[in-house]
There are 2 protein chains.
Amino acid sequence: MGATLQTIADALGVSRSTVSNAYSRPDQLSPELRSRILDTARRLGYAGPNPNARSLRSGKVGAIGVLLTANLSLAFSDPCTVAFLRGLAAAAERRETSLLLIPLPKDPEAAQRVVRGAVVDAFCVYFVPDWCGVLEVISSRGLPVVGGEDPELIGPDQFHVGIDERAAAREVGTHIANLGHRRVAILGHWLVGNRTSGIIQVDAPEDLPYFVTRERILGYREALAAADVPWSDVLLVNVAGSHRAEGELAAGFALDRGDRATAIIATSDVLALGAIQALAARGLRAGRDVSVTGFDDIPEAAAVGLTTIRQSSEDRGRLAGEVLLDPPTDPDRRCRVLPTTLVVRATTGPAPGL
Amino acid sequence: MGATLQTIADALGVSRSTVSNAYSRPDQLSPELRSRILDTARRLGYAGPNPNARSLRSGKVGAIGVLLTANLSLAFSDPCTVAFLRGLAAAAERRETSLLLIPLPKDPEAAQRVVRGAVVDAFCVYFVPDWCGVLEVISSRGLPVVGGEDPELIGPDQFHVGIDERAAAREVGTHIANLGHRRVAILGHWLVGNRTSGIIQVDAPEDLPYFVTRERILGYREALAAADVPWSDVLLVNVAGSHRAEGELAAGFALDRGDRATAIIATSDVLALGAIQALAARGLRAGRDVSVTGFDDIPEAAAVGLTTIRQSSEDRGRLAGEVLLDPPTDPDRRCRVLPTTLVVRATTGPAPGL
DNA sequence: TTGAAAGCGGTACCAT
DNA sequence: ATGGTACCGCTTTCAA
């Protein structure tokens, strides 16, 4: 406590450099002197070089910053995010690197401040709205970034690891259209920034703020349009969260009206599971009365027979970590697109009356 | 990139202090000058004060270090750990604080090095073996710690947030003994340090390396002893992990032998769920043929009717964060013991033949 | 092998 | 309101 390199140096009558070397470059001094130094340090209660000072000097911290929208606690509720972090963590620990989980304030200015001030060597952005400007801050700090969101990340220190969100969503849309559904509702998590769930009208989905949900919506729209289901006929429900209960609530908007939807497309499995609950509560059966699809293929999806898109969030996290920890020199490998599969199970079936 | 405070100062012919103030203390200079500074900074691609340098000088980082044993990725697999982190995160984000998730190497020396080098303001230790010496490193760094493990943490900067592990375990043991069970097996996660599951003999549980499992084992032993079940009759199985599959495997050791156990006590719900699977695979029913107990009361426990100890890992995490973020002045509040309850459900019943 | 000195990029106190 | 000037604690040439 309170002891510094100098303290030890003085106590032994050696120079600071030597003490520093005793910790950071053992080969630069005699083993004997080194052990004398280490002993004295222990005796004086010196904990070793101050990490702050060391990283200021060396420019390395040993941590990668993970940018997560809004509440961190939510990150730990969502199975997909947890899987992603698990993969990322696996990659990080192999290099004795830590993960700095950074809660991003809602206010863009505050968000930027936080990103500017994070003590890290690199960033991983996960589910961050386009407008908050954190990518700009990162690049102005000159730090590497990997994102699953913006495939336009292509600078020398910028990487992309993700899936083809739009193509995957298109598969879902096509599947639903092929089954003859014409009254379709889409439950989208955080389609818009506000905090309340409800029906919204989005004439231009290309302007939605979150890359992931935006792309998925665009994919659904493309597929439905190809099957002559006009976008204006599609009911869009914004879901202000990623919990099952919110999915259940949101599904209610699609179910409790005269022209009940015959198909509910959810942008995540968690929401879809909620929708299935909503059906059950109304005496309806998923796959017969109303078709339901999800996205992600979390473990529970298989258990309830949910039709969904399979992706491996864990792989995605792992790859993101690896890309950051030893950056590929080959520019082609700076952008990785992982595979997805449409998994058709029991919750989708022909539109009733066909 | 490459621009510093000085760069901006020179460009405007003002002093570094002023530029610094423009960022850190807006009230110390005229709004006009401030905006001129900020503009120039933007123009010159200056990202704002270097976080490393700032934290070296100010002594604050805005992050709390979370020490997790072995693989971080495991932390994200275990529902209990995830819940704990969720609570911790909730407390942290309220103060614009980040969480540095630190994977602790197996090797004690490496572990200490990592802890010594972590750029944080405080630590939270979660499931760390006694012998690795990280607590000592933390205290020599003079940083606050909160742990759920060692209630002996009582220094002015040391806090404890946990449950009475032993008393809770004692309740389980008493419950099992009261049901008449005499052939008892205990599945314990990480009872010993090695990486393989199997039957072990532990004559002195008080020497087990992990606080949490040690206390629980001691609690079980006390309760069983009080009911005249000698410790030497109890089958102890070490489980090298915290996955359901490992619980299933471990339960096999207790089931596939002549004097099959009539009760399986697991130190966590996840293991208990695995044990129930092991029973099913052998055509046995939990609660009738063999009683099973868990610990934690994770959501799935209720679903399968598991008898267990209820605790709130999320509360624990939240409280740990709060204690670190604004330390109680009252010494009594430096040690918080959260409540637990024995929840008796369907997986425990009278010993067969009674 | 060891030591001296110059930063790394800021912040904070004290003048002005 | 702005500037001057010590540091913060360590690493890193370079010289001895």
Original post:
Nearest 0.5 Å, what's the CG-OG1 distance between B:L88 and B:T97?
Top reply: 10.0 Å

Subject >> Where at least one partner belongs to residues 47-64 of chain B, residue pairs that pass side chain to side chain donor-acceptor pair (under 3.5 Å), sequence neighbours excluded >> reply: A:N52-B:S55, A:S55-B:N52

Set of salt bridge (charged side-chain N to carboxylate O under 4.0 Å, His left out) partners for [X], sequence neighbours left out:
{"X": "B:R36", "answer": "none"}
{"X": "A:R334", "answer": "none"}
{"X": "B:R43", "answer": "none"}
{"X": "A:R113", "answer": "B:E96"}

**OP:** Using a heavy-atom cut-off of under 4.0 Å over every strand shown, decide if A:S55 touches base, sugar-phosphate, or nothing.
**Re:** nothing

Original post:
So which pairs with a foot in residues 117-140 of chain B pass salt bridge (Lys or Arg N to Asp or Glu O under 4.0 Å), sequence neighbours left out?
Top reply: B:D130-B:R214

**OP:** Specify whether B:Y23 and B:Y46 have parallel, tilted or perpendicular ring planes, treating 30° as the upper limit for parallel and 60° as the lower limit for perpendicular.
**Re:** perpendicular

Provide a list of protein-nucleic acid N or O atom pairs under 3.5 angstrom, restricted to nucleotides 2-4 of chain C.
residue : atom : partner : partner atom : Å
C:dT2   : OP2  : A:S30   : N            : 3.0
C:dG3   : OP2  : A:S15   : N            : 3.1
C:dG3   : OP2  : A:T18   : OG1          : 2.7
C:dA4   : N7   : A:S17   : OG           : 3.4
C:dA4   : N6   : A:S17   : OG           : 3.0

Subject >> From C:dA12, C:dA5, C:dT11, nucleotide with atom closest to B:R25 side chain >> reply: C:dA12

Subject >> Contacts of type side-chain contact (heavy atoms from CB on, under 4.5 Å), residue B:A118, not counting sequence neighbours >> reply: B:L100, B:I102, B:V120, B:F123, B:R141

**OP:** With sequence neighbours left out, write down each residue that passes side-chain contact (heavy atoms from CB on, under 4.5 Å) with A:A22, or none if nothing qualifies.
**Re:** A:L29, A:R34, A:I37, A:L38

Original post:
In terms of side-chain geometry, is the basic nitrogen of B:E314 or B:R318 positioned less than 4.0 Å from the acidic oxygen of its partner?
Top reply: no

Original post:
For the helix from C:dT1-D:dA16 to C:dT16-D:dA1, what is the angle between the axes at its two ends, each from 5 pairs, rounded to 10°?
Top reply: 30°

Original post:
Could you give the start and end, 5' to 3', of the contact zone on DNA chain D for chain B, using atoms under 4.0 Å from its heavy atoms?
Top reply: D:dA1 to D:dG9

Interface polar pairs with nucleotides 14-16 of chain C, N/O, under 3.5 angstrom:
none

